[in-house]
There are 2 protein chains.
Amino acid sequence: MNRDPAIDRRIRKSKKTLKNSLISLMQSKDFRDISITDIVALADLNRGTFYKHYQYKEELLEEVMEDVIADLIISYREPYKHVDVFTIKELSASVIKIFEHVANFADIYTLVLKSNALPTLHDRICEELKNLPLEDLENYRPNRKINKELASSYQAYAILGMIIEWVNTDFEYSADYMAQQLLEIITNRPIDAVYKISKTFKEGELK
Amino acid sequence: MNRDPAIDRRIRKSKKTLKNSLISLMQSKDFRDISITDIVALADLNRGTFYKHYQYKEELLEEVMEDVIADLIISYREPYKHVDVFTIKELSASVIKIFEHVANFADIYTLVLKSNALPTLHDRICEELKNLPLEDLENYRPNRKINKELASSYQAYAILGMIIEWVNTDFEYSADYMAQQLLEIITNRPIDAVYKISKTFKEGELK
DNA sequence: GTAGTTAATGAACATCTGTACAGTAAGTTT
DNA sequence: AAACTTACTGTACAGATGTTCATTAACTAC
């Protein structure tokens, strides 16, 4: 994270200090209520330094998340790094790794997702989850009739949905349980099920 | 939309003018660059009036979306309004209605989703998509092993994923096609498929 | 080590934000 | 129609934003 020697050490230091400052402030304050002045005050940097590197605080937080997402990608890919085919076995392993990754960064996921801070965080995570199969799997095309792009977007957001639900329960379940649930949902969808329309809905309708 | 006679007409008028003003400004400007001063200037209202009803511009946009989401709910429920059981048939119909609803409000979905404006819009849409089966279906529990909450969050975000993908293609497909794709994805997931790991990924790994 | 580059500083400025308050106008209730 | 209630206005103010610029300090490349 931020160790590229090609980048001026002063920039590395300033950015790192600003990130830490923001994360620190987010522990005690809503993202909304944190001003750029707050951030640079805690970082002990000039306000101009902030604007040299970022346009607004969202951009700073995005950069914090980029580091996290980089780890997500590595985690997901790890299980099929050394094999040539991707089957349900590799999928299981990848899925477990994803949930483990989220558990590892539980603090920051909680902070960011619960603070409603980043409009684009969802999109960034999904973009990666969407592209991973598209990039890594040569003949990825679930079946002839299925639109590849729609299917990966479906799948990516679905996993994000589980992550968000998980964060909202304050990580009530284990990463293994989450992975097992995802596989259960994918494999055992009872499509011929019959549900009863609940009375409360029907009654609500009789205005 | 906003016709409750219990609410003071002045409030109704002010809010409506502010909403129109914001939507109008969003046609030509990034949400980010629209100031509250801009909004009230175009609306020809005092700035204090804005703050009387909203804390910040995001809240105003949220209210715009609430009207849209109300229609989404009605659309989804329409197909099983007059039946007692919910099967794949009702699901198909509901799903078609959802995509038709999005197509009807294509302008505003495009405006809001592409402007990266609302952190919570995703969550609001998903909240509703999540709750609809939970509220309306009496014995909704896909199968014994599956966690109801996780499954509905999965499903809700998955559909949102398709909507977002659809918006990003500028509505390249028809609502019927979208519905058909969703059903295809749900029913025909080839879980025993085998994919080849692509060369580009494997080569990328040999740093 | 020196020269050249560029990041960080401090100060200054116009604009926007968020809040307050007294006065006016428009609504609702009886 | 009169009495009330409350939304909107105009003004004012302290603080935050976003930008600019000359100066100083730190880093890189040679």
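We name chains A, B, ... by the order of the sequence lines, and we start the count at 1 in each one. Below, all heavy atoms of this structure are taken into account, side chains as well, without hydrogens, waters or symmetry copies.
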Visitor: How many Å lie between OH on B/Y54 and C1' on C/dG18, as a whole number?
Guide: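 One finds 17 Å between C1' of C/dG18 and OH of B/Y54, rounded.
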Visitor: Mind checking what makes ring pair (Phe, Tyr, Trp, His ring centres under 6.0 Å) contact with B/F31, not counting sequence neighbours?
Guide: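 Here no residue qualifies.
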Visitor: Return the value, rounded to whole Å, for the distance between atom OH of B/Y51 and atom P of D/dG10.
Guide: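 After rounding, the gap between these two atoms is 17 Å.
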Visitor: For the residue pair B/W166 and B/Y109, is the inter-centroid distance of their aromatic rings smaller than 6.0 Å?
Guide: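 No - the distance between ring centres of B/W166 and B/Y109 does not fall below the 6.0 Å cut-off.
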Visitor: Pairs under 3.5 angstrom, nitrogen or oxygen only, protein versus nucleotides 13-15 of chain D, please.
Guide:
none

Visitor: From NZ of A/K16 over to P of C/dA8, roughly how many Å is that when rounded to an integer?
Guide: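 Checked: the NZ to P distance equals 15 Å.
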Visitor: Whole angstrom is fine here: how far is it from NZ in B/K52 over to P in D/dG10?
Guide: 16 Å
Visitor: With sequence neighbours excluded, give me every ring pair (Phe, Tyr, Trp, His ring centres under 6.0 Å) pair touching residues 38-62 of chain A.
Guide: A/F50-A/Y54
Visitor: Contact class for B/R10 (heavy atom, under 4.0 Å): base, sugar-phosphate, or nothing?
Guide: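 Base contact.
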Visitor: Between B/D136 and B/Y76, is any side-chain donor less than 3.5 angstrom from a side-chain acceptor?
Guide: no
Visitor: Measure from the side chain of B/D8, starting at C-beta and using heavy atoms only, and say which of C/dA7, D/dA7, D/dT17 lies closest.
Guide: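 Nearest to the side chain of B/D8 among the choices is D/dA7.
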Visitor: Quick one: side-chain hydrogen bond (donor to acceptor under 3.5 Å, both in side chains) partners of B/E90, sequence neighbours excluded?
Guide: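 For B/E90, the residues satisfying side-chain hydrogen bond (donor to acceptor under 3.5 Å, both in side chains) (neighbours in sequence not counted) are B/T87.
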Visitor: Out of D/dT28, D/dC8, C/dT17, which nucleotide sits closest to the side chain of B/I36?
Guide: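 Of the options given, the side chain of B/I36 lies nearest C/dT17.
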Visitor: Which heavy-atom pair separates A/A151 from B/I185 by the least distance, and what is that distance?
Guide: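 A/A151 and B/I185 have their closest heavy atoms at CA-CD1, 3.7 Å.
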Visitor: D/dC27 P sits how many Å from A/R12 CZ, rounded?
Guide: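 In whole Å, D/dC27 P and A/R12 CZ are 10 Å from each other.
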Visitor: 5'-most contact on DNA chain C: B/R9 or B/F50, nearest heavy atom basis?
Guide: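 It is B/F50, whose closest nucleotide lies nearer the 5' terminus.
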Visitor: B/I11 CD1 to D/dA7 P: how many Å, rounded?
Guide: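 That distance rounds to 5 Å.
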Visitor: Ignoring hydrogens and angles, state whether a donor on the side chain of B/D38 or B/S35 is under 3.5 Å from an acceptor on the partner side chain.
Guide: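 B/D38 vs B/S35: donor-acceptor pair found between side chains.
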Visitor: Looking at B/E184 and A/I146, what are the two nearest heavy atoms and their distance?
Guide: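 It is CG-CG1, 3.4 Å.
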Visitor: Are any side-chain N or O atoms of A/N131 and backbone N or O atoms of A/E127, one a donor and one an acceptor, separated by less than 3.5 Å?
Guide: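 Answer holds: yes.
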Visitor: Between residues 22-35 of chain B and DNA chain D, which residues have a heavy-atom gap below 4.0 Å?
Guide: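 Of all residues in residues 22-35 of chain B, none places a heavy atom under 4.0 Å from DNA chain D.
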Visitor: Can you identify which nucleotide, out of D/dG10, C/dG27, D/dC8, has its nearest atom closest to the B/K13 side chain?
Guide: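 Nucleotide nearest to B/K13's side chain: C/dG27.
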Visitor: Rounding to a whole Å, what distance do you find between A/N46:CG and D/dC21:P?
Guide: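 Distance, rounded to whole Å: 16 Å.
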Visitor: Without decimals, in angstroms, what is the distance between A/L18 CG and C/dA7 C1'?
Guide: 13 Å
Visitor: So, does B/S153 use its side chain to make a donor-acceptor pair with the main chain of B/E149 at under 3.5 Å?
Guide: no
Visitor: If we fit an axis to the first five pairs and another to the last five of the helix from C/dG1-D/dC30 to C/dT30-D/dA1, what angle do they make, to the nearest 10°?
Guide: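 The angle separating the two end axes equals 50°.
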Visitor: The side chain of B/T37 lies closest to which of these nucleotides: C/dT17, C/dA8, D/dT17?
Guide: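 Of the candidates, C/dT17 comes closest.
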